[in-house]
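Data block below; observations after.
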Amino acid sequence: MIYKNLLLETKNNILYITINRESKLNALNKDTLADLHFALTDSFKDHVVKGIIITGTGQKAFVAGADISEFSSFNVDEGRNLAREGQTKVFDVIQNSDKPVIAAVNGFALGGGLELAMACHIRIASENAKLGLPEVSLGLIPGYGGTQRLPQLVGKGKALEMILSADMITASEAYRIGLVNHVVPQDQLLLKAEELLQKIISRSPCALASAIRAVNAAFTNDGFETEISEFGKCFGNEDFKEGVAAFAEKRNPAFKGK
Ligand code: COA
């Protein structure tokens, strides 16, 4: 398989998946999501791979979100499908993986980027990382599970503050509120992720898979469906058109509430 936007390497039973679109801050376009789906499902069949680390190319961004240029003219149905496809083919696949998945957050983790990190079982951030769900500044809401997984990790109050304000937080604040498990200098990020994952994969693979399933079961709800539907509805609003136009034109949006 030739991947357009991923670099893959397996070393010491760990598969490293590096999202490789540095000029667009590793934003998740359609091709990247398709690549991720194939890389993940392929790795589940590979007996050599016992754990996975996901990171981004470069020192600036893990992933700066879903690729805004691809969905700027979507209608409500297309918006809903975008969220559903992404969730079922990538984000839920990571969450439900029998093999442990660690996000090594090497810079901006915004929108779909933070949602990707949150779908992973564990998150380690570099000191320069900035994390947030800025979708409401585009007239949208998170659509890849962010409205569900953020409150699971940090509680409802802090999650609502982050989602409604669209503010980014620093790595140390993310550590303080439990959004990331560890913060380390950027040059030690992969080392720290490897060290933790090596310890984890030395345990029983059957027990790891059972533990992941059991912990996930504590959070089953239908909120993901509500998110998909509400995400889709945003695409019917004038505010969404204004939000994405403002991003493309590098100006502040003037929302009308319609
Ligand atoms: N989708 C598409 N392209 C994106 C992107 C995204 N989510 N995030 C960044 N890019 C692109 C920019 O358009 C720019 O492309 P260009 O050089 O062709 O103009 C390139 O990546 C570099 O980004 P730029 O904005 O110039 O870098 P910056 O250092 O000034 O700002 C960010 C960095 C992360 C603050 C800014 O890129 C940003 O706000 N991105 C969008 C975040 C977002 O809203 N994500 C949620 C999407 S639902």
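In listed order, ligands and their atoms are each counted from 1.
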Strictly less than 4.0 Å: does any protein heavy-atom distance to [atom] fall in that range?
| atom | answer |
| --- | --- |
| atom 20 (C) of ligand 1 | yes |
| atom 24 (P) of ligand 1 | no |
| atom 30 (O) of ligand 1 | no |
| atom 14 (C) of ligand 1 | no |
| atom 17 (O) of ligand 1 | no |

* Start with the C-alpha gap between Leu40 and Ser97, add the side-chain angles, then the distance that decides, and say whether side chain to side chain contact (heavy atoms under 4.5 Å, CB included) holds. => CA-CA 9 Å; Leu40 289 161; Ser97 160; over 6 Å; no

Contact with ligand 1 for [X], non-hydrogen, under 4.0 angstrom:
| X | value |
| --- | --- |
| Gly112 | no |
| Lys250 | yes |
| Pro142 | no |

* Asked: For atom 45 (N) of ligand 1, which candidate among Ala64, Ser137, Ala166 holds the nearest heavy atom?
  -> Ala64

Using a strict 4.0 Å cut-off to heavy atoms of [X], name the atoms of ligand 1 that fall inside it.
| X | answer |
| --- | --- |
| Leu110 | 34 (C), 42 (C) |
| Pro134 | 43 (C), 44 (O), 45 (N), 46 (C) |
| Asp67 | 1 (N), 2 (C) |

Nearest protein heavy atom with distance in Å, relative to [atom]:
| atom | answer |
| --- | --- |
| atom 35 (C) of ligand 1 | Met168 CE, 4.0 Å |
| atom 9 (C) of ligand 1 | Leu25 CD1, 3.9 Å |
| atom 1 (N) of ligand 1 | Ile68 N, 3.0 Å |
| atom 40 (N) of ligand 1 | Phe247 CE1, 3.6 Å |

Less than 3.5 Å between some nitrogen or oxygen of [X] and one of ligand 1, yes or no?
| X | answer |
| --- | --- |
| Ala27 | no |
| Leu138 | no |
| Lys24 | yes |
| Lys60 | yes |

[X] and [Y]: side-chain donor and acceptor closer than 3.5 Å?
| X | Y | result |
| --- | --- | --- |
| Asp46 | Ser43 | no |
| Asn20 | Thr57 | yes |
| Tyr16 | Glu194 | yes |

* Asked: If you draw a 6.0 Å radius around NZ in Lys30, do more than 12 non-hydrogen atoms from other residues or ligands fall strictly inside?
  -> no

* Go through the steps to decide whether Asn29 and Thr32 satisfy the test side chain to side chain donor-acceptor pair (under 3.5 Å), and finish with yes or no. => CA-CA 5 Å; Asn29 64 355; Thr32 310; 2.4 Å; yes

* Asked: Hey, is the main chain of Gln59 close enough, under 3.5 Å, to the side chain of Asn128 for a donor-acceptor pair?
  -> yes

* Lys60 charged N/C atom sitting above Phe108 aromatic ring, 6.0 Å / 45° -> no

* Nearest heavy atoms of His121 and Gln95, plus distance in Å ->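 Minimum heavy-atom separation between His121 and Gln95: NE2-O, 3.0 Å.
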
* To do: Drop me the distance from Gln87's CD to Phe231's CZ, to the nearest 0.5 angstrom.
  =>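 Going from the CD atom of Gln87 to the CZ atom of Phe231 covers 9.0 Å.
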
* Nearest 0.5 Å please: distance from the CG atom of Leu197 over to the OG atom of Ser202. =>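 Interatomic distance, Leu197 CG to Ser202 OG, rounded to 0.5 Å: 10.0 Å.
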
* To do: Check the angle between the aromatic planes of Phe71 and Phe235 and answer parallel, tilted or perpendicular using the 30° and 60° thresholds.
  =>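 Taking Phe235 first and then Phe71, their aromatic rings stand perpendicular (interplane angle over 60°).
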
* **Side chain, backbone, both or neither: the part of Ala61 lying under 4.0 Å from ligand 1 by heavy atom** => neither

* To do: I would like to know whether Leu25 and Val63 meet side chain to side chain contact (heavy atoms under 4.5 Å, CB included); could you show each step before the answer?
  => CA-CA 6 Å; Leu25 304 187; Val63 169; over 6 Å; no

